[in-house]
Undergrad: 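Just passing along the structure, written as structure tokens.
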Amino acid sequence: MVVVVDTHSPDSKPERRRFLTMPGELQQLSNWLLERGVEEAVMESTAQYWRSVWMELEPHMPLHLAQAYSNRAPRGRKHDFKDAERLVRRLIAKELILSFVPGEEQRIWRNLSRMRLQLVRDRVRLHSQIECLLEEMRIKLSVVVADLFGASGLCILHAMAEGQTDPESLAKLGNERLRCPRERLIEALTGRSHPTHRQMLALQLERLRLIEEQMTSPNTLLAQAMMPHREAVLRLAQVPGFGIDSAQQVIAEVGVTASSFPSAAEFTSWVGTCPGKEESAEENHSSRSAKGNKYMRRILCQSAHAAARSKGTHFQTVFRRLLPRLGYQSAIWAIAHRLCRLVWKILHEGVHYIEQGDGSEPQILMNRAKYLARQLRKFGYDLRLTTANPSPA
């Protein structure tokens with residue numbers, strides 16, 4: 001439902017027209033808007049159905065995507081054309097909550113990054129399903145093995161799927177590095193399984209193999225797509241708690257320079273890491289953070305946990321200072337807020353992170369550089385470490 005309104009004469013009757021979302025109809029929509037001299041458009045976010053309209057109109061005019069909640073109508077008075085007219089009025093009055101929609105290149109990065117995240121979650125879900133199946137078979141392998149999908153765990157699972165039921169034969173497949181007495185391992189593998197259980201286990205292991213093969217493809221594609229911006233990836237990966245993978249995910253979500261956010265305060269507000277405010281009668285009743293970008297919040301929370309455990313870093317010092325007063329969860333969230341502001345500064349201003357804590361010793365810095373180099377090669381980047389010659393006194 002499309003409404004064209006002349007903002008210079010708001011009292012004039014708006015033009016209304018209905019279009020389908022098939023490719024031919026969308027082309028007619030674009031031509032119809034251009035014929036009427038439309039210079040700016042706003043649309044309501046409706047699940048994923050706004051994307052085709054956005055991509056058709058994106059080359060021709062500035063676009064705004066409004067959250068549907070900010071354009072709600074009184075109960076019993078909702079109408080599609082009235083909603084479109086209300087969108088225009090509230091856009092002019094700056095009453096709409098607008099969503100951040102990145103450019104085409106960044107949208108591709110986002111799709112690759114989120115696809116890999118979905119594959120990781122599928123692997124975790126499959127891990128839980130296999131563990132539930134083992135419980136039905138009365139096999140306690142996850143109790144004696146640290147990683148069910150590790151070398152020893154997978155060897156034993158594949159042997160069970162192929163029909164091996166003897167506990168002693170299965171225990172011999174355990175790696176010599178397995179920290180478990182042989183007697184306890186045999187006891188954990190003593191169970192009763194039905195042939196159907198083994199067939200289900202074989203299907204799940206085949207699915208695991210497919211997921212792990214597919215997980216490498218998004219990494220390679222994302223590294224190739226970000227190759228022109230590898231310097232920004234490396235700058236961000238130098239921050240304690242971050243790595244190459246998390247740096248790529250951050251850039252995929254906010255862009256190479258985070259240019260859509262004029263300040264660190266606006267950036268943290270969009271991400272949802274800054275303290276919230278629920279004020280009434282000059283009293284703040286809650287400082288709970290508002291909901292933001294769930295992908296960025298996940299990355300920053302994981303990085304905050306890693307940074308708080310990084311020995312000799314400034315973030316570990318801050319975390320230990322805040323822990324007695326705020327508690328563990330709030331202290332971690334405070335570190336995530338600081339990391340969020342630091343991410344904006346590194347990307348927006350193009351600066352490098354300089355460690356001010358005990359972790360700035362040369363040997364620690366060299367170990368960190370070697371780790372990042374291994375991660376870069378793993379993700380498909382080409383890098384060589386060089387030692388800078390000391391400057392003459």
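The shown structure was predicted, so the numbers you read here are calculated from the model rather than taken from an experiment.
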Undergrad: What pair of heavy atoms forms the shortest contact from Ile97 to Ser70, and how long is it?
TA: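 For Ile97 and Ser70, the tightest heavy-atom pair comes out as N-OG, 3.2 Å.
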Undergrad: Indicate, with yes or no, if the rings of His305 and Phe319 have centres closer together than 6.0 Å.
TA: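 They do not qualify: ring centres at least 6.0 Å apart.
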Undergrad: The criterion is side-chain contact (heavy atoms from CB on, under 4.5 Å); which residues satisfy it with Glu44, sequence neighbours excluded?
TA: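 For Glu44 the side-chain contact (heavy atoms from CB on, under 4.5 Å) partners, ignoring immediate neighbours, are Thr46, Ala68, Asn71, Leu87.
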Undergrad: Mind jotting down which residue pairs meet the side-chain hydrogen bond (donor to acceptor under 3.5 Å, both in side chains) criterion with at least one end in residues 329-338? Sequence neighbours excluded, please.
TA: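 Those involving residues 329-338 are Ser289-Trp333.
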Undergrad: Check whether more than 12 heavy atoms from other residues, nucleotides or ligands sit under 6.0 Å from atom CZ of Arg36, and answer yes or no.
TA: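 Yes - once you tally the heavy atoms of other residues, nucleotides and ligands closer than 6.0 Å, there are more than 12.
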Undergrad: For the pair Gln164 (side chain) and Asp166 (backbone), establish whether a donor and an acceptor sit closer than 3.5 Å, ignoring hydrogens and angles.
TA: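 Yes.
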Undergrad: Members other than Val124 in its cluster, when Ile, Leu, Val, Met, Phe, Trp, Tyr link by side-chain heavy atoms under 4.5 Å?
TA: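 Result for Val124 is none, singleton.
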Undergrad: Locate the shortest heavy-atom distance separating Gly241 from Ala306; write the atom from each residue and the value.
TA: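 Closest heavy-atom pair between Gly241 and Ala306: CA-CB, 3.7 Å.
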Undergrad: Ignoring hydrogens, what is the shortest heavy-atom contact between Gly191 and Ile139? Give both atom names and the distance.
TA: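 Nearest heavy atoms, Gly191 then Ile139: CA-CG1, 4.2 Å.
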Undergrad: Is there a path of hydrophobic side-chain contacts, each under 4.5 Å between heavy atoms, that joins Trp344 and Val318?
TA: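 Shared cluster, yes.
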Undergrad: Roughly how far, to the nearest 0.5 Å, is CG of Leu173 from CG of Leu185?
TA: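 Result: 9.5 Å between the selected atoms.
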Undergrad: Tracing side-chain links under 4.5 Å among I, L, V, M, F, W and Y, which residues wind up in one group with Tyr69?
TA: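 When side chains under 4.5 Å apart are linked, Tyr69 ends up in no cluster with other residues.
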Undergrad: For His194 and Glu136, test the side chains for any donor-to-acceptor distance below 3.5 angstrom and give the result as yes or no.
TA: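 Not at all, the side chains of His194 and Glu136 share no donor-acceptor pair under 3.5 Å.
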Undergrad: Do Ile186 and Leu141 sit in the same hydrophobic cluster, where Ile, Leu, Val, Met, Phe, Trp and Tyr count as joined when their side-chain heavy atoms come under 4.5 Å apart?
TA: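 No, no single cluster joins them.
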Undergrad: List the atom pairs, donor and acceptor, that lie under 3.5 Å between side-chain atoms in residues 201-223 and the rest of the protein, sequence neighbours left out.
TA:
from	atom 1	to	atom 2	distance (Å)
Glu206	OE1	Arg209	NE	3.4
Glu206	OE2	Arg209	NE	3.2
Glu206	OE2	Arg209	NH2	2.3
Arg209	NH1	Glu213	OE1	3.3
Arg209	NH1	Glu213	OE2	2.6
Glu212	OE2	Arg123	NE	3.2
Glu212	OE2	Arg123	NH2	3.0
Thr216	OG1	Glu213	O	2.7
Asn219	OD1	Arg116	NE	2.6
Asn219	ND2	Met215	O	3.4
Thr220	OG1	Thr216	O	3.1

Undergrad: Please find the pair of heavy atoms, one from Pro62 and one from Glu39, that lie closest to each other, and give the distance.
TA: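 It is CD-O, 3.0 Å.
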Undergrad: Side-chain contact, heavy-atom cut-off 4.5 Å: Val254 with Met296?
TA: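 The answer is yes, as the side chains (C-beta and beyond) meet within the 4.5 Å cut-off.
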Undergrad: I need the full list of side-chain hydrogen bond (donor to acceptor under 3.5 Å, both in side chains) pairs touching residues 106-115, with sequence neighbours left out, sorted by first then second residue.
TA: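 Pairs touching residues 106-115 that pass the test: Glu58-Arg107, Arg110-Glu253, Arg114-Glu253.
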Undergrad: Taking ILVMFWY side chains as joined if any heavy atoms are under 4.5 angstrom apart, and letting links pass through other members, which residues group with Leu20?
TA: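 Direct or chained contacts put Leu20 with none.
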Undergrad: Would you sort out whether Arg235 and Glu231 count as a salt bridge (Lys or Arg N to Asp or Glu O under 4.0 Å), showing the intermediate values?
TA: CA-CA 6 Å; Arg235 277 191 287 112; Glu231 197 270 336; 2.9 Å; yes
Undergrad: Calculate, to the nearest 0.5 Å, the distance between atoms OG and CD1 belonging to Ser303 and Ile335 respectively.
TA: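 It is 12.0 Å, given to the nearest 0.5 Å.
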Undergrad: Rounded to the nearest 0.5 Å, how far apart are CG of Leu96 and CZ of Arg90?
TA: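 So the gap between those two atoms works out to 7.0 Å.
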Undergrad: Sequence neighbours excluded and cut-off under 3.5 Å, please list the side-chain donor-acceptor pairs for residues 260-273, or say none.
TA:
from	atom 1	to	atom 2	distance (Å)
Ser263	OG	Glu266	N	3.3
Thr268	OG1	Ala264	O	3.2
Thr268	OG1	Ala265	O	2.9

Undergrad: Looking at side-chain heavy atoms only, is the closest gap between Arg298 and Leu117 below 4.5 Å?
TA: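 Yes, their side chains come closer than 4.5 Å.
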Undergrad: Working to the nearest 0.5 angstrom, can you tell me the gap between Tyr353 OH and Ile346 CD1?
TA: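 If we round to the nearest 0.5 Å, Tyr353:OH and Ile346:CD1 are 8.5 Å apart.
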Undergrad: Determine the minimum heavy-atom distance between Ala252 and Met226, stating which atoms define it.
TA: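 Residues Ala252 and Met226, closest heavy atoms: N-CE, 3.7 Å.
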Undergrad: Would you say that more than 12 heavy atoms from the other residues, nucleotides or ligands in this model lie under 6.0 Å from the CD of Glu349, or not?
TA: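 It does: Glu349 CD has more than 12 such atoms within range.
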Undergrad: Do Val256 and Leu347 come close enough that some side-chain heavy atom pair is under 4.5 Å?
TA: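 Of all side-chain heavy-atom pairs linking Leu347 with Val256, none is under 4.5 Å.
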Undergrad: Side-chain contact test, heavy atoms from C-beta onward, threshold under 4.5 Å: evaluate it for Val250 versus Phe242 and give yes or no.
TA: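 SC-SC contact between Val250 and Phe242 confirmed.
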Undergrad: Determine whether a donor-acceptor pair (N or O, by modelled atom type, separation under 3.5 Å) exists between the side chain of Ser169 and the backbone of Thr165.
TA: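 Side chain of Ser169 to backbone of Thr165, a donor-acceptor pair under 3.5 Å: no, none is there.
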Undergrad: Are the side chains of Gln129 and Cys132 in touch, meaning some heavy atoms are under 4.5 Å apart?
TA: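 The answer is no; the side chains never approach within 4.5 Å.
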Undergrad: Return yes when atom CZ of Arg17 has more than 12 non-hydrogen atoms of other residues, nucleotides or ligands closer than 6.0 Å, and no otherwise.
TA: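 Atom CZ in Arg17 is packed in, count exceeds 12.
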Undergrad: Of all residues at least two apart in sequence or in a different chain, which pass the salt bridge (charged side-chain N to carboxylate O under 4.0 Å, His left out) check with Glu183?
TA: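 Partners of Glu183 by the salt bridge (charged side-chain N to carboxylate O under 4.0 Å, His left out) criterion come out as none, since no residue qualifies.
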Undergrad: For residues 144-163, please give each side-chain donor-acceptor pair under 3.5 Å, one per line with the distance, not counting sequence neighbours.
TA:
from	atom 1	to	atom 2	distance (Å)
Asp147	OD1	Phe149	N	3.1
Ser152	OG	Asn175	N	2.8

Undergrad: Just by distance, no angles: are the side chains of Gln249 and Asp245 close enough, under 3.5 Å, to form a donor-acceptor pair?
TA: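 On atom types as modelled, these side chains qualify, holding a pair under 3.5 Å.
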Undergrad: Find the distance between CD (Glu95) and CZ (Arg86) and round it off to the nearest 0.5 Å.
TA: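 Answer rounded to 0.5 Å: 11.5 Å.
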Undergrad: Please report the interatomic distance CD(Glu25) to OG(Ser52), rounded to the nearest 0.5 Å.
TA: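 Those atoms lie 12.0 Å apart.
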Undergrad: Is Ser246 reaching over with its side chain to a backbone N or O of Gly243, donor-acceptor style, under 3.5 angstrom?
TA: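 It does hold such a pair.
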Undergrad: Identify the two heavy atoms, one from Pro240 and one from Glu355, that lie closest to each other, and give their separation to 0.1 Å.
TA: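 Of all heavy-atom pairs spanning Pro240 and Glu355, the closest is CG-OE1, 3.5 Å.
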Undergrad: Hey, what else clusters with Trp32 if you join Ile, Leu, Val, Met, Phe, Trp, Tyr whenever side-chain heavy atoms sit under 4.5 Å?
TA: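 Traced through the cluster, Trp32 reaches Val2, Val4, Phe19, Leu26, Leu29, Leu33, Leu34, Val38, Met43, Trp50, Val53, Trp54, Leu57, Met61, Leu63, Leu65, Val101.
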Undergrad: Tell me every residue that passes side-chain contact (heavy atoms from CB on, under 4.5 Å) with Arg16, counting only those two or more places apart in sequence or in another chain.
TA: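 Arg16: side-chain contact (heavy atoms from CB on, under 4.5 Å) contacts with Val3, Phe81, Lys82, Glu85.
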Undergrad: Using the rule that two of Ile, Leu, Val, Met, Phe, Trp, Tyr join whenever any of their side-chain heavy atoms come within less than 4.5 Å, decide whether Tyr328 and Phe315 are in one cluster.
TA: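 Yes; tracing contacts between hydrophobic side chains, which count when under 4.5 Å, links both residues.
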Undergrad: Verify the neighbour count for atom OH of Tyr49: are there more than 12 heavy atoms of other residues, nucleotides or ligands below 6.0 Å?
TA: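 Count not over threshold, so no.
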